[in-house]
Amino acid sequence: MHIPTPTPSNAARSPFHKRSVCVTGGAGFIGSHMCRRLLIEGARVTCLDNLDTGRHANIGKLEELPGFTFVHHDINDALPPALPAFEYIFNLACPASPIHYQRDPVYTALTCSRGVYNLLERAHRDGATILHASTSEIYGDPQVHPQPETYWGNVNTCGPRSCYDEGKRFAETLLRDYGARYGVTVRLARIFNTYGPHMQFDDGRVVSNFVIQALKGEPLTVYGDGSQTRSFCYVDDLVEGLLRLAASRTAGANPVNLGNPEEFKVAELAQLVLAATQSHSNIVHQPLPQDDPKRRRPDISRAKAILGWAPTTPLTAGLLKTIAEFRQRLEMPAPRKTAMRSAAELQAFQ
Ligand code: NAD
Ligand code: UDP
């Protein structure tokens with residue numbers, strides 16, 4: 001299904017127009033872009049977030065809009081009954097970077113299990129479609145490359161990444177089984193490394209670390225020899241894929257990889273960031289974290305076939321946008337709240 005580029009004039013043709021949509025984790029990095037895009041599509045958006053790793057500043061401007069509501073809520077608790085009935089639930093709530101999800105591994109595992117169960121109960125009650133943000137981490141340190149959805153993965157159940165990897169694996173099982181048992185429409189997106197504006201400065205991820213380090217003139221910290229690879233997807237491309245998957249009538253509950261199949265060594269990324277920031281920072285090497293996957297690249301054949309989706313933003317272009325927003329946040333004081341009335345104004349907002 002094709003979702004046209006959102007403009008105020010074609011929002012009425014969007015499958016999300018006038019729909020009641022819940023975005024859990026909506027104050028986080030991806031969630032805030034999802035909320036903004038859904039508003040452009042004409043949806044009524046309820047953002048649920050406990051601000052564990054999210055930032056109120058990510059959604060501050062959206063709160064001025066009539067179609068947007070923020071509710072401070074932890075999905076480990078049942079959803080407040082007073083909320084409106086939802087037609088779609090996008091579950092993005094979960095700490096996502098290694099330092100965040102390892103900070104309280106029990107909380108991470110519960111958010112992926114009890115939290116997901118609470119959302120399924122709500123989706124059942126409301127007759128909502130639920131799209132869940134799964135992850136390439138379910139493939140662990142993969143022995144098949146690139147990774148198709150049919151690959152079962154290579155995951156350590158007792159390591160520092162297990163709370164997240166196994167949590168997300170369990171969530172996929174729970175969502176599929178609950179959907180089949182109770183007739184809830186489930187969509188599973190396996191998201192690969194995504195980057196862009198609104199990433200947290202201190203999330204420890206490679207793109208945010210390198211950009212901050214380069215902008216501050218500090219050494220870029222390459223873990224190991226930098227030969228490990230990742231494939232980086234710009235956030236706008238990802239959000240487009242998530243919307244298409246949620247609206248798809250054919251995807252079923254089968255997982256769909258969403259990511260950019262262009263693969264880079266971490267050492268190459270460091271050079272790209274140095275060039276894009278025009279920084280004179282050095283590179284230092286630090287130990288590779290335990291169980292760090294050596295290679296990762298999505299096979300997106302399924303997304304192409306079912307959704308007609310593929311990313312369109314080259315890494316260099318996405319890095320420039322990310323760097324510009326990071327620069328703004330570093331150099332300027334927190335922006336004052338400004339009223340935004342039209343979708344056209346909203347499109348200009350990052
Ligand atoms: P993020 O940390 O910026 O956003 C997560 C949001 O969820 C935050 O706003 C946080 O406060 C909120 N949250 C966490 N636990 C919660 C809870 N129990 N109840 C309510 N809110 C809660 O991370 P992100 O990068 O935006 O990731 C969003 C989703 O996408 C996550 O589920 C993550 O696992 C998945 N994902 C992200 C990537 C990536 O590269 N960014 C890759 C694969 C999967
Ligand atoms: N990495 C790095 N320097 C950093 C942060 C991360 O070299 O400052 C490496 C990390 O070891 C991994 C890759 O970059 O090999 C991606 O790390 P990230 O935490 O962004 O994502 P994930 O490991 O979850 O894919």
Side-chain angles (χ1 to χ4, degrees), residues 23-35 47-56 58-59 71-77 79 90-102 104 107-108 110-112 114-116 118-119 131-139 141 161 164-165 167-168 171 189-196 198-200 203-213 219-233 235 238-239 242 257-260 264-267 269-270 273 283-296 298:
V23 181
T24 69
F29 159 48
I30 298 173
S32 56
H33 289 271
M34 174 60 82
C35 289
C47 164
L48 292 193
D49 202 300
N50 66 355
L51 300 181
D52 172 43
T53 56
R55 296 184 316 127
H56 208 255
N58 285 343
I59 51 163
V71 179
H72 191 282
H73 181 77
D74 187 328
I75 62 164
N76 285 299
D77 300 322
L79 269 61
F90 287 87
N91 178 30
L92 304 174
C94 188
S97 79
I99 60 167
H100 285 158
Y101 65 67
Q102 290 170 24
D104 183 349
Y107 165 80
T108 300
L110 288 175
T111 297
C112 293
R114 188 163 65 197
V116 170
N118 285 331
L119 297 178
L131 179 143
H132 174 72
S134 188
T135 168
S136 54
E137 284 282 329
I138 69 113
Y139 300 121
D141 189 6
R161 300 175 89 100
Y164 185 72
D165 298 9
K168 291 282 187 178
R190 287 187 182 156
I191 301 171
F192 284 63
N193 296 61
T194 301
Y195 70 99
H198 295 192
M199 289 182 92
Q200 283 186 62
D203 67 9
R205 290 191 256 210
V206 69
V207 172
S208 36
N209 270 9
F210 284 0
V211 170
I212 284 287
Q213 290 161 346
L220 271 60
T221 50
V222 171
Y223 300 160
D225 64 3
S227 63
Q228 71 273 31
T229 68
R230 293 294 186 274
S231 306
F232 300 99
C233 186
V235 64
L238 174 76
V239 167
L242 292 173
N257 286 340
L258 293 177
N260 193 321
F264 292 86
K265 291 183 177 145
V266 164
L269 176 72
V273 171
I283 289 181
V284 293
H285 290 269
Q286 293 185 357
L288 197 63
Q290 186 189 332
D291 295 345
D292 199 88
K294 287 180 269 312
R295 298 182 79 186
R296 186 182 289 154

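Counting starts at 1 for both ligands and their atoms, following the listed order. We number each residue from 1, following the sequence as shown.
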Minimum heavy-atom separation for [X] to [Y], with atom names?
| X | Y | value |
| --- | --- | --- |
| F192 | G259 | CB-CA, 4.0 Å |
| I59 | C47 | CD1-SG, 4.3 Å |
| V116 | A171 | CG2-CB, 4.1 Å |
| C112 | K168 | SG-N, 4.1 Å |

For [X], take its heavy atoms, then give the atoms of ligand 1 lying under 4.0 Å from any of them.
| X | answer |
| --- | --- |
| N76 | 18 (N) |
| Y107 | 14 (C), 15 (N), 16 (C), 17 (C), 18 (N) |
| D52 | 11 (O) |
| L51 | 11 (O) |
| H73 | 19 (N), 20 (C) |
| T111 | 18 (N) |
| G54 | 8 (C), 9 (O), 10 (C), 11 (O) |

Applying side-chain hydrogen bond (donor to acceptor under 3.5 Å, both in side chains), name anything that partners K265, two or more places apart in sequence or on another chain.
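Here no residue qualifies.
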
Does ligand 1 have any atom that is closer than 4.0 Å to a heavy atom of [X]?
| X | value |
| --- | --- |
| R205 | yes |
| A27 | yes |
| E137 | no |
| T24 | no |
| Y101 | no |

Protein contact of [atom] - nearest heavy atom, named by residue and atom, plus distance:
| atom | answer |
| --- | --- |
| atom 4 (O) of ligand 1 | G28 CA, 3.5 Å |
| atom 3 (O) of ligand 1 | F29 N, 2.8 Å |
| atom 10 (C) of ligand 1 | T53 OG1, 3.2 Å |
| atom 22 (C) of ligand 1 | N50 OD1, 3.1 Å |
| atom 40 (O) of ligand 1 | T194 N, 2.9 Å |
| atom 11 (O) of ligand 1 | D49 OD1, 2.6 Å |
| atom 19 (N) of ligand 1 | I75 N, 2.9 Å |
| atom 32 (O) of ligand 1 | K168 NZ, 2.9 Å |

Whether [X] side chain and [Y] backbone form a donor-acceptor pair below 3.5 Å:
| X | Y | result |
| --- | --- | --- |
| Q228 | Y223 | yes |
| H100 | D104 | no |
| N91 | T24 | no |
| D49 | A27 | yes |
| S32 | H198 | no |
| S97 | D203 | yes |

Report the distance from atom [atom1] of [X] to atom [atom2] of [Y], rounding to the nearest 0.5 Å.
| X | Y | atom1 | atom2 | result |
| --- | --- | --- | --- | --- |
| E137 | I191 | CD | CD1 | 12.5 Å |
| L48 | L92 | CG | CG | 11.0 Å |
| N50 | N76 | CG | CG | 8.0 Å |

Heteroatom proximity flag, [X] to ligand 1, N/O under 3.5 Å:
| X | result |
| --- | --- |
| Y164 | yes |
| H100 | no |
| D74 | yes |
| T135 | no |
| I30 | yes |
| G31 | no |
| N193 | no |

Listing by chain and number, which residues have a heavy atom under 4.0 Å from ligand 2?
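If the criterion is a heavy atom under 4.0 Å, then ligand 2 touches P98, E137, R161, N193, G204, R205, V206, N209, F210, T221, V222, Y223, Q228, R230, V266, P289, D292, R296.
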
Would you indicate whether the side-chain heavy atoms of [Y] and [X] approach each other to under 4.5 Å?
| X | Y | result |
| --- | --- | --- |
| I283 | V222 | yes |
| F90 | H132 | no |
| D74 | Y107 | yes |
| P98 | P289 | no |
| L220 | V284 | no |

Sequence neighbours left out, what passes ring-ring contact (aromatic ring centres under 6.0 Å, His included) with F210? Give chain and number order.
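Scan of F210 (ring-ring contact (aromatic ring centres under 6.0 Å, His included), adjacent residues dropped) gives none.
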
Who passes ring-ring contact (aromatic ring centres under 6.0 Å, His included) against F232, sequence neighbours left out?
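With sequence neighbours excluded, F232 shows a ring-ring contact (aromatic ring centres under 6.0 Å, His included) to no residue whatsoever.
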
Shortest reach to [atom] by a heavy atom, considering only [options]:
| atom | options | answer |
| --- | --- | --- |
| atom 31 (C) of ligand 1 | V235, L92, N118 | L92 |
| atom 27 (O) of ligand 1 | G25, C47, A96 | A96 |
| atom 30 (O) of ligand 1 | S134, A133, G167, G196 | A133 |

Taking 4.0 Å as the limit for heavy-atom contacts, which would you say applies to I191 with ligand 1: side chain only, backbone only, both, or neither?
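Both the backbone and the side chain of I191 come within reach of ligand 1.
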
